Amino acid sequence: MTSAEGLEVRTAAGAVRGRAEDGLVVFRGIPFAEPPVGEARFQAPRPVSSWEGTREAYAFGPPPPQESGFQGRAGVPETPTGDDWLTVNVWTPATDPSVRRPVMVWIYGGAYKLGHTGSPGYDAQHLARAGDVVVVTLNYRVGIEGFALLEGAPANRGLLDQVAALEWVRDNITAFGGDPGQVTVFGESAGAGSVASLLAMPSARGLFGRAVAQSVPGTYFSAELARDIAVEIGKEAGPAPTAAALSAVDPRELPSAGERLSLRMREYDDRWGRVAPTVTPFSPVVDGEVLPCTPWEALAAGAGRDVELLVGHNRDEYRLFLALGEQLGRITEEQAAAALRMFAPGPDGERFYREAFPDATPTELYERVQTDWLFNMPSLRLAEAQVAGGGRAHLYELTWPAPGFGGVLGACHGLDVPLLFGTYDADLGKLLFAGTGVPDEARALTALFQSAWTGFARTGDPGWPAYDGEGRLTRVLDGAAAEVRPYPEEVSRRLWEGYDFPALPLLK
C-alpha cells in the first residue's frame, strides 16, 4: 500500500518511495536486475538483491554504456553515473492495488546501440494521465554489451533484459495499481524490433497480452553474420571477441569500438551486404535459442495467436536520415541505382522500382526503396504474418508531415514518438517542430494517438477495424483527418509481395 506521507510501495526486493507529480505518482530508477558488471558482465540478467529500508525512487538510473557522441545530445544526460543500468520507471494515477489499471511497457529505440529512459522525449506523464493507465519504461543493454554475439555469452542480452523487466512487472506492478494480466508492450524503431522479437521468444510468452510496434526495422542477423561482425568489433577493441576478453575493457570505453566500426562498415559490402550501408553493427540475432527464428516466421506459424497486435509505420521514414546526412535533393543517379540494386527485392528489383515510380527523382527513388526495405514493408509484413498465423492485427500509417523546416521532413522516422508522448520540445521533437510551435493538428494527433494506444491497451481495439488480407484496412493518421481505407502504399506492397525478411546472411 502507499503511505500518504512517503508514497511508499513494497516490491519483491524492498520498499521504494516515489513522488506525487501533477496527479500521478512517479517512481524512477527502480532496479529490476543486478548491475551487469564483474562476473555478471555479458551474461543474462540476474535477479536484483533485496535491500533494507526504503529506497528513494526519485531519479532515473544511469544510461547503459553507449556511443559517446550520443551523450548529452538527444536527452541522454552526462549524469547520473554508475552500474545500475537495468532499472524501470513507473507513472501511475494511484498505487491502490485494488484498481488494477492496464499497464503499458515502453521499449525505446536507437538502432540497438543508443537510448535511455531518462530521455525527456519519453516522459510518460501525459500518456498515463490521458489514458488512466500505468506506464512503465525500462533500460536495457545496447551496443556491444547488449547485442554483440560473443563466445561465452548468451545472444541477445538486450532482449533478455527486456524479458527480465517484464517479469518484474508481472511480479510487482499490482502494488503500483497495475494489472499484471493486462500488459501491453510498445516500442518504436529498435524498440519495435524488440517488441517483434519478444513475440517470437519462448522466454517472453505469457508476460504480455498486447503489443504495439511502431516502425519495425527489418534487420535481424544470422548467427554467422553476427559472429563475423563480432570479430571486427574485437579488432577495434583489442581483445578477442569473447566475453572473457572483452570483460577486461571498461564498459564505458567499449562503445567506442562499435562506433569506430560503424564509420567503416562500407568496407564490408562484399561480406555483410545490406547491413554495411546501415552503419549499425547491432541487431537481434536469430541464434536458434533466445530468438529461434525471425518474428515474421514465428508469427506466421502462430506464435502470436494469443497476443493482439497494433503495428504501423510513417510514410516517409528514411527522409530523416537523408536530412541528418544533408543529402536531401543531392542523391545522384549512380547513388540511386546502387541503392535499388542493394535493397530492392529480387534480381529485377531495380527495374521494377523504376517502372513503378517512373517520375521519381534519384533522391525519391533512393529514399523510397530504403523506406520500404528498412521500415514500411517489415511493419506491413508483421501484420500479415500475424493474420496468417491466426492472430489479430490492426495497421496504421502516419502521413502528417513534421512542420519543422517548412515541412520538408515529411512524415519521417521518429515523428510518432513526440506525437504519442506529447513531448514536442524534447529530443527529436526539437528538430521536427523547430521554430513552428505546436500546431493544432499536432495536438489533435496526440489526442488521437493517446486515445488509440491506451484504448488498445485496455480493450484490444484501437478504434478501427482489424487488418485482413482482402480489405487491408488501415488507419491513416493525418492532421486534417484520420480515415480508414485500404493500405495506402499498394505499389510498394506489390513490389515486396512474397518477400519474407529472412535473417541477413554472411555473404562470404
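The shown structure was predicted, so the numbers you read here are calculated from the model rather than taken from an experiment.
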T87 and F60: side-chain contact (heavy atoms from CB on, under 4.5 Å), yes or no, with the steps? CA-CA 8 Å; T87 58; F60 292 109; over 6 Å; no
Would L263 and V279 count as a side-chain contact (heavy atoms from CB on, under 4.5 Å) here? Give the steps. CA-CA 7 Å; L263 296 175; V279 301; over 6 Å; no
Trace of the side chain to side chain donor-acceptor pair (under 3.5 Å) decision for D96 with S98: CA-CA 5 Å; D96 183 352; S98 67; 2.8 Å; yes
Going through the distances and angles, do M201 and V290 end up as a side-chain contact (heavy atoms from CB on, under 4.5 Å)? CA-CA 6 Å; M201 291 171 59; V290 175; 3.8 Å; yes
Kindly determine whether F208 and V105 satisfy side-chain contact (heavy atoms from CB on, under 4.5 Å), including the steps that lead there. CA-CA 9 Å; F208 57 94; V105 181; over 6 Å; no
T117 vs N139, side chain to side chain donor-acceptor pair (under 3.5 Å): CA-CA, chis, key distance, verdict: CA-CA 6 Å; T117 57; N139 274 359; 3.0 Å; yes
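Here the side chain of H116 pairs a donor or acceptor atom with the backbone of G61 at under 3.5 angstrom. Distance alone, capped at 3.5 Å, places no donor-acceptor pair between the D425 side chain and the K430 backbone. Under a 3.5 Å cut-off, the side chain of D427 and the backbone N or O of G429 do not form any donor-acceptor pair. No donor-acceptor distance shorter than 3.5 angstrom exists from the side chain of S451 to the backbone of A447, with no hydrogens or angles considered. Judged purely by atom type and a 3.5 angstrom limit, S189 has no side-chain atom pairing as donor or acceptor with the backbone of G110. With hydrogens and angles disregarded, no donor-acceptor distance shorter than 3.5 Å links the side chain of W296 to the backbone of G218. Between the side chain of S283 and the backbone N or O of Y220 there is no donor-acceptor pair closer than 3.5 Å. In this structure, Q182 contributes its side chain and P180 its backbone to no donor-acceptor pair below 3.5 Å. Proximity of a side-chain donor or acceptor of T280 to a complementary backbone N or O of F282 within less than 3.5 Å is not detected. Counting only distance, with no hydrogens or angles, the side chain of S256 and the backbone of E259 share no donor-acceptor pair below 3.5 Å.
Counting only N and O atoms by type, the side chains of S215 and E317 include a donor and acceptor under 3.5 Å apart. Donor-acceptor pairing under 3.5 Å is recorded for the side chains of T137 and N89. With no hydrogens or angles considered, no side-chain donor-acceptor pair links R274 and T278 at under 3.5 Å.
A salt bridge links D132 with R101: at least one charged nitrogen is closer than 4.0 Å to a carboxylate oxygen. One finds a salt bridge joining E21 and R28 here, because a Lys/Arg side-chain nitrogen approaches an Asp/Glu carboxylate oxygen to under 4.0 Å. Salt-bridge formation is not detected for the pair D306/R392: no Lys NZ or Arg NE/NH1/NH2 atom is positioned less than 4.0 Å from an Asp or Glu carboxylate oxygen. Salt bridge present: R41 and E145 bring a charged side-chain N and a carboxylate O closer than 4.0 Å.
Under the salt bridge (charged side-chain N to carboxylate O under 4.0 Å, His left out) criterion, R157 pairs with no residue, sequence neighbours left out.
The side-chain tip of R19 points at the ring of Y58 from less than 6.0 angstrom away and within 45° of straight on. Cation-pi geometry between R475 and Y396 is not met: the NZ or CZ atom fails to fall both under 6.0 Å from the ring centre and inside 45° of the normal.
You'll find the side chain of Q43 reaches within 4.5 Å of the side chain of P154, heavy atoms only. R271 has its side chain within reach of E232: a pair of non-hydrogen atoms, C-beta onward, lies under 4.5 Å apart. No side-chain heavy atom of L159 sits under 4.5 Å from any side-chain heavy atom of Y112. Residues W272 and D228 have side chains in contact (heavy-atom distance under 4.5 Å, counting atoms from C-beta outward). Counting heavy atoms from C-beta outward, P378 and P217 have side chains that stay 4.5 Å or more apart. The closest side-chain heavy-atom distance from L254 to P65 is not below 4.5 Å. Looking only at side-chain heavy atoms (C-beta outward), P281 and S262 come within less than 4.5 Å of each other. At least one side-chain heavy atom of L420 sits less than 4.5 Å from a side-chain heavy atom of Q214.
Between Y424 and A442, the shortest heavy-atom distance links the atoms OH-O, 3.9 Å. Across all non-hydrogen atoms, the minimal contact from T294 to A503 is CG2-N, 3.6 Å.
Below 30°, between 30° and 60°, or above 60°: for W453 and W464 the angle between ring planes is between 30° and 60°, a tilted geometry. Ring planes of Y108 and Y140: parallel class, angle under 30° (limits at 30 and 60°).
In E52, the CD atom is not crowded: 12 or fewer heavy atoms of neighbouring residues, nucleotides or ligands sit closer than 6.0 Å.
Note: W91 and Y122 fail the aromatic proximity criterion, with ring centroids not under 6.0 Å apart. Taking the centre of each ring, F501 and W373 stay at or above the 6.0 Å mark. With ring centers used as reference points, H394 lies 6.0 Å or more from Y467.
Sequence neighbours left out, not one pair with a member in residues 231-260 passes ring pair (Phe, Tyr, Trp, His ring centres under 6.0 Å).
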